[in-house]
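One structure below.
Values in this document were obtained by computation on a predicted structure and should not be read as measured data. Start at 1 and go down the list; that is how both ligands and their atoms are numbered.
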Amino acid sequence: MKPSKEQWSSRFGFIMAAAGSAIGLGNLWKFPYITGTSGGAVFLIVYIIFLILLGIPILLSELAIGRFAGMNAIDSCRKINSKWGFAGAFGIIGAFGVMASYCVVGGWVIRYIINSVTDSRMSADYFAEYSSKSFEPLIWTAVFLLLTCAIVTGGVSGGIERVSSVLLPILIVFLVGIMIYSLTLPNAIEGVKFFIVPDFSAINGFSDFIRIVFNAMGQVFFSLSLGMGTLITYGSYLPKDNDLTSSTITIVALDTAIALIAGFAILPAVFSFGFEPTEGFGLIFKTLPAVFSRMSGGTFISSIFFVLVLLAALTSSISLLEVIVAWVCTKTKLTRTWAAIIVTLLIFIAGCFASLSIGAIPDIAIGNMSLFEFFSFFSDKVIMPLGGFFICILTGYVWGIPQASHEISNGGRLKFRMRKLFGVTVRYIAPALIAVIFAVSLFGI
Ligand code: PFF
């Protein structure tokens, strides 16, 4: 087990890469549609509570573990305790599962960019028609994976950091532009109200409330890239003088800001043109194209919007691929390039089955879920919370708060003001919350 030699070249570059991992389809695609189907502002409130109780402590723990050990996710956990490699293994398995569905959606986004630019009409039925094709979606899935692989082969500072440092600021500036435009549309206020004024009457009983809570927890994990070894891996490339607490807060703040901006960009436009926010899954692929087609300048806005979604998706998919590649590189004699190519190929194979399962071959299913739904359910509702749970136990009990705090405070050189809160959330609140919500929603206990 040799420590990784790669490092981020600057604090800015690291923040862009880590926030780039966090900011992705989760913010621009999932967050608005889950908010739409989970009661709007009610969901938003639960989400923010989970950010504080789960998001910040787990993210900080992952960065601390990674920087302390300086190795891939599995070996970093193992360095803390030789029996705890499995906590990092969740990340490797989960990253593969997330990537298998993420690359399919990334492929749809590329297709939508092309349609926007060529001004092809995208009626609400276009999505069903396109995703049920067998061959074409696979090509765009492959293109998305090739882009991801090319960046990861460039290395940590030369590839991931350099690309994220350019793409993320572009994304932020243009998304704010679209938000301003959307907020000035007639009737936009209805979308704003839906997003920020809670309507408790929208909750139909206890089971509906649990569904919202479970969705919010899954979304915090997915959006912040938690429980997957991504931040352990990215933390392992950090120099010893980085202030982990302020990095954590910056990453969480950026991720949340982008999710909110995406909500303010999408929901007012949806309401303004008389559509419903409850489309779910297809909100940006079915409802938004219909919205764009009614807007003046819709073709232009649509092209920019889908390019932004692609940029966000890429800065996340590189982090997912990196988790697996970093591990493969230390376990085999493969170079980074070959490790990236082989892992990408395996993901592509899984992605093909996932894509076909929601289109041409619906028989590829597990229980009553298509393989695509299964990959995403299993990774963000099962693997990520479990991974997060074990990270809390590893940090809070096995490593111990004094040792973790020693790492977080850079050996006592920085003041760790949140130490008490960190200890309580990591040892008690976060694991208890995850366990209860998990049990209630999966087994109906
Ligand atoms: N956080 C990413 C998003 O919001 O799209 C998705 C993701 C990336 C999840 C990396 C997990 C991960 F390890």
Side-chain angles (χ1 to χ4, degrees), residues 16-35 47 50-51 54-55 58-59 62-63 65-66 72-74 87-106 108-109 144 148 151-152 160 164 167-168 171-172 175 215-236 251-252 254-263 281 284 308-327 343 347 375-388 391:
M16 288 299 107
S21 164
I23 296 165
L25 293 171
N27 305 59
L28 299 183
W29 171 59
K30 274 195 167 179
F31 183 79
Y33 94 66
I34 295 187
T35 309
Y47 180 79
F50 280 153
L51 272 183
L54 301 173
I58 299 179
L59 206 159
E62 288 200 24
L63 287 181
I65 293 172
N72 67 70
I74 296 186
F90 274 94
I92 315 275
I93 301 167
F96 191 86
V98 174
M99 264 309 260
S101 52
Y102 214 81
C103 63
V104 176
V105 184
W108 298 341
V109 175
F144 180 79
T148 306
I151 302 170
V152 169
I160 300 174
S164 305
L167 297 192
L168 201 62
L171 171 95
I172 295 175
L175 197 61
N215 278 347
M217 181 178 79
Q219 180 62 15
V220 165
F221 276 95
F222 189 81
S223 191
L224 289 176
S225 312
L226 300 178
M228 300 281 282
T230 314
L231 293 147
I232 299 181
T233 310
Y234 275 20
S236 75
I251 296 163
V252 173
L254 278 173
D255 184 65
T256 311
I258 295 296
L260 293 176
I261 294 172
F281 193 79
I284 73 167
L308 298 183
V309 180
L310 177 65
L311 303 187
L314 276 174
T315 53
S316 298
S317 61
I318 52 183
S319 72
L320 287 160
L321 184 58
E322 177 65 18
V323 176
I324 314 176
V325 168
W327 176 70
V343 176
I347 294 171
F375 275 139
S376 103
F377 169 84
F378 187 67
S379 40
D380 42 286
K381 299 262 170 59
V382 181
I383 292 273
M384 291 178 129
L386 279 185
I391 292 294

By the salt bridge (Lys or Arg N to Asp or Glu O under 4.0 Å) test, which pairs, at least two apart or in different chains, include something from residues 89-101?
none
Any pair with a residue in residues 309-319 that passes salt bridge (Lys or Arg N to Asp or Glu O under 4.0 Å), sequence neighbours left out, goes on the list, sorted by first then second residue, please.
none
Between Y102 and F222, what is the ring plane arrangement, given parallel below 30°, perpendicular above 60°, and tilted in between?
tilted
Of all residues at least two apart in sequence or in a different chain, which pass the side chain to side chain donor-acceptor pair (under 3.5 Å) check with T315?
none
Distance alone, cut at 3.5 Å: any donor-acceptor contact between the side chains of S225 and S21?
yes
Any side-chain donor near an acceptor of the partner, S101 and S376, under 3.5 Å:
no
Could you go through ligand 1 and note, for every N or O atom, any protein N or O atom closer than 3.5 angstrom, writing the atom names and distance to 0.1 Å, or 'none'?
unit_1, atom_1, unit_2, atom_2, d
ligand 1, 1 (N), S21, O, 3.0
ligand 1, 1 (N), A22, O, 2.9
ligand 1, 1 (N), F222, O, 2.7
ligand 1, 1 (N), S223, O, 3.1
ligand 1, 1 (N), S225, OG, 3.1
ligand 1, 4 (O), A22, O, 2.9
ligand 1, 4 (O), G26, N, 3.3
ligand 1, 4 (O), N27, OD1, 3.4
ligand 1, 5 (O), L25, N, 3.0
ligand 1, 5 (O), G26, N, 2.8
ligand 1, 5 (O), Y102, OH, 2.5

